[in-house]
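Chain letters run A, B, ... following the sequence lines, proteins first and then strands; every chain starts at 1.
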Amino acid sequence: MRDNFNAELKELNSELVEMGKMCVDAIHRDVDALADEKQGDIEEIKKVSENIAKKQQEIEDLCYSLIIKEQPVAGDLRMIHTASNVIIDMQRIGVNAYDVAEIIPYVADSQLKTQVPILMMADAASYMVSKSVESLVNRDSDQARKIIAYDDEVDDLFDEVKASVIEAIRGDKKKDASPGIDIMMIAKYFERMGDHSESIARHVLHLLNQ
Amino acid sequence: MIFTEKRQGDFMSSVIETKDLNLWYGKHHALMDINMAVPKNQITALIGPSGCGKSTFLRTLNRMNDQIEGVRIEGEISLRGENIKNLDANVLRSRVGMVFQKANPFPMSIYDNIAYGPRILGVHKKKELDEIVETSLKQAAIWDECKDRLKTSALGMSGGQQQRLCIARALAVKPEVLLLDESTSALDPVSTSKIEDLLLELKKKYTIIMVTHNMQQAARIADRTAFFLLGELIEYDNTEKIFSHPADKRTEDYITGRFG
Ligand SMILES: Nc1ncnc2c1ncn2[C@@H]1O[C@H](COP(=O)(O)OP(=O)(O)OP(=O)(O)O)[C@@H](O)[C@H]1O
Ligand SMILES: [Mg+2]
C-alpha cells in the first residue's frame, strides 16, 4: 500500500543519514586540523559546511514535495516535520564545525590544545551527532534518551576544559591569555554541537509520541 | 475504544449521546457498543472504510433505520437528555435533519421544496412561508442565486446548488442537528468548498454530524472526528489529535492510507 510514498520516505531516511555523515566528517576534519596544524584543511571544512547547508536545502525541498503530493497525516506528517527540524540542527552543526576551523590557526602553536580535553569534546560531539541521527532513522527512543543524558558528559568536559584553561593562564609567565580564550571558544562550539544533537534526540522522542 | 479522557466532560453540553448502542441487520451486527457524545455547535466527522457502519449510525440518530425490515436496536440514544424512542418520529426528524450524498430535490419548484416540511408541520400562512423560504435559502447561502426563480423547478439547478437547496430544506423546519451523509462527494471542488464554508457558518446555530470519505475535508472543517471500523467506534477525539497523534494503530493505518 502506498508503495511510492513508502519509497520516498525511505529516501528521506537515507538523505538524513547522509547529512549526519557529512556532519561527522566535518567534525573529524576539525580534529585532524587541530592535531596536524594543516592550514589547507580549513578551506576543506568550509566546503563541507557549505555542502551540509546545500543538503539541508535538498532535504527541505523533498519534505515540501512529500507534503504537497502525499498530504501526509499522523506518523507520516510527524516524520516529515521532524526531518525538517533536525536538518536545521545538523546545518548548525556544520556551521559550528567551520567556526571551529576558523579559530584553529590561532591556537596552532599553542601547547594548550594538548593539555586540555578538547579532542575528547570533539569525539563526544561526533558520537552524539551520529547516534542521534541513528536514533531518528531507527526510531529508537532508548537511544534518543541516552543521547540526551550523554549531553551532560559533554557539559562536564567543557567545565574541565575551562578549569584547565584558567589554570594555564594563571601559570603562564608571559600572562598571555589569548590561546586560552581561543581554546574556550573551540570548546564552546563543540559543546553547542552536543546541544544540537540533544535537540535532534528530543525531536525523535516527540516523533515517537514520548 | 480509546476514550477521550477528560475532554469528554469538558464540553458544556452534548446534544446527542449514545449509550451502548448496538444495531443488527438480521444476524449482521452492524454497530457495537457505540458510546458517543456529540457536542453542541461543533462539526463532528465520521470516517472509516466502506461498510463500517457510518451511514447506519447516522440513520439511527433520527430513527430512519426503524422502517428497515429485520433491524434490531439496543442501547440508548438521547437528544438533549431525552430518549429519542419517546419522541414522535416526525418531530424527531424535524429536530434532526438529514442531507444525503446525492442531492434529492423534490420534483417541484424551489419554493415548494423549502415550504414542504413547514407545511407538513402545519405552517400555511403565505407570509410565514415566504419568510421561512427566504431565511432558509439565505442560511444555505443560495438565496442570491435563486431568489428570481423561486417558482421554477428545483431540478433545473446545478448539482452544487441542489445540494445547498437540500440543506436549506433541512433548515426550513428549524432543526437542532444536521446529519450529512457524504453530501459533497458528488460535487466539484468549488461547490464542495462552498458547502464547507456554509457548514462552518451553520455550526454557529446548529450541531453538525457528517460522514465523509475525504480525510482532508474532515481535517479542514470538523472539530471532532470519530473513526469507525467494522461496526466499532475505534477512536473519537479532537480532529487535530486524530490527524497528528492518533492513539490507536488502526486509526493511524487508516488515515495514512496503509489500511489492510
Ligand atoms: N438495509 C440493510 N440491510 C442489511 N444490511 C445492511 C443494510 N444497510 C447496511 N447494511 C450493512 O451494514 C454494514 C454497514 O453499512 P453502512 O451503510 O452503515 O456502511 P458505511 O460505513 O456507511 O459504508 P459506505 O462508506 O460505503 O457508505 C455493511 O456491512 C452493510 O452491508
Ligand atoms: Mg455510507
Check: Which pair of non-hydrogen atoms, one from A:Val73 and one from B:Thr256, has the smallest distance, and what is that distance?
Finding: O-CG2, 3.5 Å
Margin query: Counting only heavy atoms not in B:His213 (residues, nucleotides, ligands), do more than 12 fall under 6.0 Å from its NE2?
Written below: yes
Notebook entry, point to check: How close do B:Arg258 and A:Leu9 get, heavy atom to heavy atom, and via which atoms?
Noted result: NH2-CD1, 3.5 Å
Next item on the list: Give a yes or no on this: more than 12 heavy atoms of other residues, nucleotides or ligands lie within 6.0 Å of atom CE of A:Met120.
Entry: no
Margin query: Give me the atom names and distance for the closest heavy-atom approach of A:Gly75 to B:Glu252.
Written below: N-OE2, 2.7 Å
Note to self: Does atom CD (A:Glu58) have a neighbourhood of more than 12 heavy atoms from anything else shown, all under 6.0 Å?
What the structure shows: yes
Notebook entry, point to check: How long is the gap from NE2 on B:His245 to CG on A:Leu77, to the nearest 0.5 Å?
Noted result: 9.0 Å
Margin query: Can you tell me which portion of B:Ser244 sits under 4.5 Å from chain A's heavy atoms? Options are side chain, backbone, both or neither.
Written below: backbone
Note to self: Around atom CZ of A:Phe5, are there more than 12 heavy atoms from other residues, nucleotides or ligands closer than 6.0 Å?
What the structure shows: yes
Notebook entry, point to check: Do other residues, nucleotides or ligands put more than 12 heavy atoms under 6.0 Å from the CZ atom of B:Arg93?
Noted result: yes
